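Right, one structure below, let's go through it.
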Amino acid sequence: MKLGFQLVAEAPMGNNQNWVQLGLPDQHTCISLVSWWPNKKLEMTPGSLHGIMFDSDNIEEDTLKMRINGIETAKIDNTPWGKYTHFTDPDGNILILHQNP
């Protein structure tokens, strides 16, 4: 995967549905991906997620690595709250990279 995620778990849920967990090496946080969601009021269709944020110690270096791996990122914004950029995954979800000031 271009962002460096590794498969942590994959579990069949019946009816051709899977639960997939991805994580980054040496990190404790995982992202779960599903093609279904049991609560229709909270349905999460591909491309509907905005604002998942990843922290960075060096946003310029991380952004360069992403671009080398073919991930297009927005211009880095330098704000009083830190530096930010964003990128879109293949499903259209918007993900944010943030570095503290």
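All values derive from a computational prediction rather than experimental measurement.
- Between the side chain of Asp89 and the backbone N or O of Asp91, at least one donor-acceptor pair lies under 3.5 Å.
- Each of Ile59, Asn100, Thr63 was checked for a side-chain contact (heavy atoms from CB on, under 4.5 Å) with Lys83, and the lone residue meeting it is Ile59.
- Taken to the nearest 0.5 Å, the CD atom of Glu61 stands 10.0 Å off from the CD atom of Gln99.
- Nearest heavy-atom pair, Pro80 versus Pro101, reported as atom, atom and distance to 0.1 Å: O-CG, 3.6 Å.
- Linking ILVMFWY residues whenever their side-chain heavy atoms come closer than 4.5 Å, directly or via other members, places Leu95 and Ile76 in the same cluster.
- With contacts defined as side-chain heavy-atom distances shorter than 4.5 Å, the pair Asp26/Leu24 does not qualify.
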Determine, stepwise, if the pair Asn93 / Thr88 fulfils side-chain contact (heavy atoms from CB on, under 4.5 Å). CA-CA 5 Å; Asn93 300 302; Thr88 305; over 6 Å; no
Please step through side-chain contact (heavy atoms from CB on, under 4.5 Å) for the pair Arg67 and Thr73, ending with a clear verdict. CA-CA 7 Å; Arg67 290 178 180 161; Thr73 64; 2.8 Å; yes
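- Between Tyr84 and His98, the ring planes are tilted. Angles from 30° to 60° get that label.
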CA sep, side-chain torsions, deciding dist, call: Met66, Glu72, side-chain contact (heavy atoms from CB on, under 4.5 Å): CA-CA 7 Å; Met66 291 170 65; Glu72 292 184 37; over 6 Å; no
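- Between Phe54 and Ile96, every side-chain heavy-atom pair lies at or beyond the 4.5 Å cut-off.
- Both Phe5 and Leu7 are assigned to one and the same hydrophobic cluster, defined by single-linkage of ILVMFWY side chains at heavy-atom distances under 4.5 Å.
- A distance-only check finds no donor-acceptor pair linking the side chain of Gln21 to the backbone of Val8 [under 3.5 Å].
- In terms of modelled atom types and a separation under 3.5 Å, the side chain of Thr85 and the main chain of Ala74 share a donor-acceptor contact.
- In plain terms, the two heavy atoms of Pro25 and Gly4 that are nearest each other are CD-O, 3.5 Å.
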